Structures are given as structure tokens and as C-alpha cells.
2 protein chains.
Amino acid sequence: MPQNKFSSVKGCGTAVSCQDCSLSSLCLPLSLHEQDIDRLDAIIKRGRPYQKGQTLWRQGDDFHSVLAIRSGSVKSFITSPSGEEQIVGFHFAGEMIGLNGLFNKKYPITTVALETTTVCDIPYDSLDALADDLPELRDQVLQSMSQEISEDQQMMLLLSKKTSEQRLATFLVSVSERFHRRGYSASRFRLTMSRNDLGNFLGLAVETVSRIFSKFQQKELIRFLDSSRDIELIDIAGLYELADLQDGTASACGKRVVG
Amino acid sequence: MPQNKFSSVKGCGTAVSCQDCSLSSLCLPLSLHEQDIDRLDAIIKRGRPYQKGQTLWRQGDDFHSVLAIRSGSVKSFITSPSGEEQIVGFHFAGEMIGLNGLFNKKYPITTVALETTTVCDIPYDSLDALADDLPELRDQVLQSMSQEISEDQQMMLLLSKKTSEQRLATFLVSVSERFHRRGYSASRFRLTMSRNDLGNFLGLAVETVSRIFSKFQQKELIRFLDSSRDIELIDIAGLYELADLQDGTASACGKRVVG
DNA sequence: CGGACGCTTGATTAGGTTCAATTACTGTGG
DNA sequence: CCACAGTAATTGAACCTAATCAAGCGTCCG
């Protein structure tokens, strides 16, 4: 009997079936019939965990699988010819990444683990064959991609129009919403990415991110606990107000359903 | 016999079939069999043209159709609660818009005509039913959305990391590429959007756009013909160099396959 | 213990915005 | 067809936000 929501994740390296996995309702909310889950279970590969800094795939690599993150977190970024990197999303446990690779069979982004991360590997060929029989699965994929587009466009608004304070506030409430929806605390969580990554993602210099965090602490909007990575949102309403967000689109910032 | 590539577009208001339409190979490059084209043709509605400034649909409207632009051009934007608008894409003749509305059955963006614009209206219900039978159509939709994601992420890089000069250069070569692929001149075209729209899209003030255009003219990279909307790219190579673009991703900027 | 890296804070700078004024279009009605 | 009004585009000057440069501190890990 699982002690907590994600206890079955611990056994990821071993033969835990999708049915037993506490993530099944999150990573593939398909309302599949029981035999369908069994079929999906049969095609999923469970590998050893990725260590912090390890690359899951590189921009331009041949597309082979979609991954469901079971525990841990990753960042995804694109690289310009001059070598500049732009982080386009962070992904946490319970999210699916890599779907976007099916356009011309290459991954368009590089994905790197931010901490020790375990995943379920769903080979594309099998998924594709399965999708032929399961309309729900196809719809799920389409919906995920459609949502990703809307979220990326919210990011365009953020990068184009918002001030540094608004950007950071938007990020914080969006991450908060995502954790909340996954059954975790909306007000206390760990930022697994560095200040550098955060600045890169939000279009700000590291120093600016640091300064805004300090300002938010002075305003008693947030507080850091043990380390500068463990944050508590004291005044979520205040952060929302700062962020200028559309209702229900908070999670747009930073959430990349499709990788 | 058509006189030019788009001559059949003129008869859009009348009963021109998809098969005769010179855009068929552009807006739905599906390699459909002949009888499939006939089926598609049967469900398409051809309405009267939209005038400059008219709204095709508004953010939040119920999703009903996908549109193929037969002539003219449009802009699409999202609106933040505080009323700020962010243009997320321009669309020209031969491009499909509105696909993104299938996520929760609402259009997530507002789309407005930049000039007199004619479209083919493909009701979603019919398209959905047709897609059940035609794997190519489904793949096409997936590919379009996947491409859109990559393009939006290129825009995130542009808005987050590029200078004003790089942004405008990126935009110009991307529009050039798009026109070129459609069989038009890569070096001479009309900018149907205002400087205001351009600035909004690129995350710049109108004045900045104007100044960069002037600077580009001084450097003899571009030239304006009759008006400030009719541009000629004199030194495309030079613009490419300025833009810091990935090979083959130039069209990412401004191109929104999915609306 | 030492070195590297990550984070914070301060001082200075710069790219782009904002404000303001002028000129060039576009479209409309007489 | 021209006059006029309203909008779009350009250009200049002042200002400001966030970047850059620089220094110091903390922390993780060999």
C-alpha cells in the first residue's frame, strides 16, 4: 500500500505496471479501458534514472520516444546558431515531454535533467500504432499540443510586454498552480532550477532575478526557507495581482506539456 | 485557364471547387486522392470577403471552423486582463488558421483582417469526421501544430535574447522566405501590417521600428518603393547575417500555421 | 582546506521607451 | 478634384529599466 501519492515511483526501475503507477492519472489522463492500459503498459520501457545535468536528448537528435516524468524535473532549451540558449520550458513529475519531436522526426529542443530524474519511455512507433486504435489517445495528444501553443503565446506576451517583477510573479504563481494541481502545496516548493536558468527563461539577467527576489522578500510576498531554492509564497494574492494573469492561464508560464 | 498562380481566387465567392483552387496544394498539402478532395470540397463554405479591420473571431469565442486564407492577410493576438495586446502571428494567403481552437473548443486568440481578405471556411465537425477516415489529414494537423510550437519557441528566443536590429532583420528574412515559398518575390513585397503591429509583435516601440528601418536604409540593406509599406530587400545576405538565424527556421518568425 | 560555482548586492552604462513635435499618408465629403 | 481631418510614420531629446561590470559572500564537493 503506497504511503504517499508518489510512493510507487520509487519502484520505477523495477517492473511497476502503469496501472499501479500513481502517475497514470496524470501523465495519460485518457480514461482508457483496463485492457488498453495493459497494452500501454506493455510498450513502456523503464530505464535507469538520469543524473543532474544529464541530457535526455539533444536538439536535432532523431525522434524515438515520448517520456513521462515520474520524479524529478528537467529543462528544455533551443540553441541559436551563435550559440545562445533559450530555455523554453521546465517540466516536473507527472508531465509528458518530447511529443513535439514528431514534426520531421527530430527533437527540436535539448532536454537536460535539473536533478535526479526518473522517466517512463514510450517508444513512438508503439504509441503511434496504439493511437490508431484509440481516439482518446489521439485527442489527448492534440489537446496537449494545442495547450502548449497557447502557453507559448502567453510566454510571448510575458517576454514582450511584462516588467521584470511581473515576469517573476507570473512564474511563481504558475509553478504554484502546477504543484497544487498535482496534489502538492501551492505555497511551499523547491525551485530545482538555478537563478541563471530562471533568468534565461524569463528573459532577464541573473542579477535582476536575484534583485527581484530580494524585493519580493522585503514586500513580504515570499520567503526562503533553508536555502535559496526552497521558497514559500506568503502572499499569493499579491503575487497574482502583480502578475497580470488571465484566469486559469497561470500555469501557462513554464509549463511545457509537449517538449 | 488561370493567368497567374492565384487567378482562381478571384472567383472565391462563387462555386470554385478545391480542385480548381490554386491554393489547394498550399493550404492542404495532403496528397489526397481525387475522391477525398471532392469530399473536402463538399464541406467547405465560401463566404464574402472580410474588410480591413474586421474580426474573424474573438478570443473566447466558441470554436467552429478552420479557415484557409485565399487572399489577403490577418493578424492574431491575445489580450491580457489589463487590456494589453500581444500579436502572436501574421498569416498570409495560402495559410491555415484557427486549428488551435480545438483545445477546449474556444478560440484562444482574436484574429483581425489587415486588408480585404477572402477565406475558405472548413467547419470543424465535418473536418473532424473526415479526419477519422484520412490518416494523412490527421498527420497534417499534427505536423502543423508541432511546427507552430517550434516557431513560437523561436519567437521566445527572439523576444528574450535578440536586439532590436536582430528582431527586425529576422522578421524581414522570414517574411521573405514565406513569400518566396509561395512563388512570390523574395525581395519585394508589401508589409500589410502597420509599424504599430510590427512593434507589438516584435516587442518593440513603434518609434524603434521606424528608427531601425531608417538605419537599414542608410546601410542599404533595404529600400522603400512607393510607400512605407512596400519594401525591397537589397542585401538579403546581410539581413540574414544580422538576424542570427537557424538554417531553415527563418520562416518561424511571424508564421503561424495554426491560429 | 581550497577551488569552483551560485547567489547577492552595489555602481555604472546602454539600449530602448516615452514624450513631444513634424511630416506624410489615407480617406471622405464638398 | 481638391481641401480637410484623422491617422500613420518619422525624427529628436530626455528618461528609465534592466544589463553589464565588479566585488563579496556562501556553499557544495572533491
Side-chain angles (χ1 to χ4, degrees), chain A residues 51-53 75 84-87 112 114-116 158-172 190-219 222-231 242 244, chain B residues 51-54 75 84-87 112-116 158-172 190-219 222-231 242 244:
Chain A
Q51 294 306 314
K52 180 176 177 175
K75 64 175 174 181
E84 264 181 325
E85 292 181 356
Q86 173 65 41
I87 296 178
V112 172
L114 291 170
E115 58 188 322
T116 305
L158 179 144
L159 292 169
S160 173
K161 302 280 185 300
K162 293 192 179 182
T163 65
S164 53
E165 286 195 28
Q166 290 178 318
R167 292 181 199 197
L168 205 50
T170 304
F171 177 79
L172 291 176
R190 184 169 176 75
L191 300 169
T192 53
M193 69 294 296
S194 70
R195 297 286 191 268
N196 230 314
D197 287 340
L198 217 38
N200 181 302
F201 179 58
L202 297 174
L204 300 170
V206 206
E207 295 93 330
T208 306
V209 174
S210 203
R211 270 184 258 271
I212 308 285
F213 269 139
S214 299
K215 195 182 278 187
F216 281 2
Q217 280 176 287
Q218 278 168 21
K219 291 191 193 174
I222 63 168
R223 171 171 56 171
F224 287 103
L225 307 173
D226 296 339
S227 78
S228 62
R229 299 283 185 101
D230 292 302
I231 196 171
L242 257 181
D244 183 33
Chain B
Q51 293 307 312
K52 180 177 177 175
Q54 259 194 290
K75 63 175 173 181
E84 264 182 326
E85 292 180 355
Q86 173 64 42
I87 296 177
V112 171
L114 291 170
E115 60 189 320
T116 305
L158 179 145
L159 292 168
S160 173
K161 303 280 185 300
K162 292 192 179 183
T163 66
S164 53
E165 286 195 28
Q166 289 177 317
R167 293 181 198 197
L168 205 50
T170 303
F171 177 79
L172 290 176
R190 183 167 177 77
L191 300 168
T192 53
M193 70 294 295
S194 69
R195 297 287 192 266
N196 231 313
D197 288 339
L198 218 36
N200 181 302
F201 179 59
L202 298 174
L204 300 170
V206 205
E207 295 93 330
T208 306
V209 174
S210 204
R211 272 184 257 271
I212 308 287
F213 269 139
S214 299
K215 196 182 278 187
F216 281 3
Q217 280 175 288
Q218 279 169 20
K219 291 191 194 174
I222 63 168
R223 171 171 56 172
F224 287 102
L225 307 173
D226 296 339
S227 77
S228 63
R229 300 283 185 101
D230 292 302
I231 197 171
L242 257 181
D244 182 34

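Hydrogens, waters and symmetry mates are skipped; everything else that's a heavy atom, side chains included, is used. In the text below, chain A, chain B and the rest are named by the order of the sequence lines, each starting its count at 1. Since we're looking at a predicted model, the values are computed, not measured.
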I'd like to know if the side chain of [X] reaches the main chain of [Y], judged simply by a donor and an acceptor atom lying under 3.5 Å from each other, with no hydrogens or angles considered.
X	Y	answer
A:Asn200	A:Ile87	yes
A:Ser228	A:Phe224	no
A:Ser210	A:Val206	no
B:Arg167	B:Leu202	yes

Which atom pair, heavy atoms only, marks the closest approach of B:Thr116 to B:Gln51?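 Shortest heavy-atom contact: OG1-OE1, 3.4 Å.
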Which pair of heavy atoms, one from B:Lys162 and one from B:Asp244, lies closest together, and at what distance?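 Here B:Lys162 and B:Asp244 meet closest at NZ-O, 3.5 Å.
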To the nearest angstrom, how far is [X] atom [atom1] from [N] atom [atom2]?
X	N	atom1	atom2	result
A:Leu198	C:dT8	CG	P	10 Å
A:Glu84	D:dA19	CD	P	13 Å
B:Leu114	D:dA8	CG	C1'	15 Å
A:Arg190	C:dG6	CZ	P	14 Å
A:Arg229	D:dG26	CZ	C1'	13 Å
A:Asp230	D:dT27	CG	C1'	14 Å
B:Phe216	D:dT10	CZ	P	13 Å
B:Asp197	D:dA9	CG	C1'	13 Å

Greater than 12 external heavy atoms within 6.0 Å of A:Lys215's NZ: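 Not buried by this count: 12 neighbours or fewer within 6.0 Å.
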Mark yes when over 12 heavy atoms from residues, nucleotides or ligands other than A:Lys52 sit less than 6.0 Å from its NZ; otherwise mark no.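 Open.
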Do B:Glu165 and B:Arg211 sit within salt-bridge range, that is, some charged N less than 4.0 Å from a carboxylate O?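 Between B:Arg211 and B:Glu165 there is no salt bridge, as every charged N stays at least 4.0 Å from the carboxylate O atoms.
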Going 5' to 3' along nucleotides 16-25 of chain C, which nucleotides have protein heavy atoms under 4.0 Å from the base (write B), which only from the sugar-phosphate (write S), and which from neither (write -)? SBBB------
Tell me which nucleotide among D:dT11, C:dC7, D:dT10 gets nearest to the side chain of B:Arg195.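 So the side chain of B:Arg195 is nearest to D:dT10.
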To the nearest 10°, give me the bend of the helix from C:dC1-D:dG30 to C:dG30-D:dC1, comparing the axes of its five terminal pairs at either end.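 The angle separating the two end axes equals 40°.
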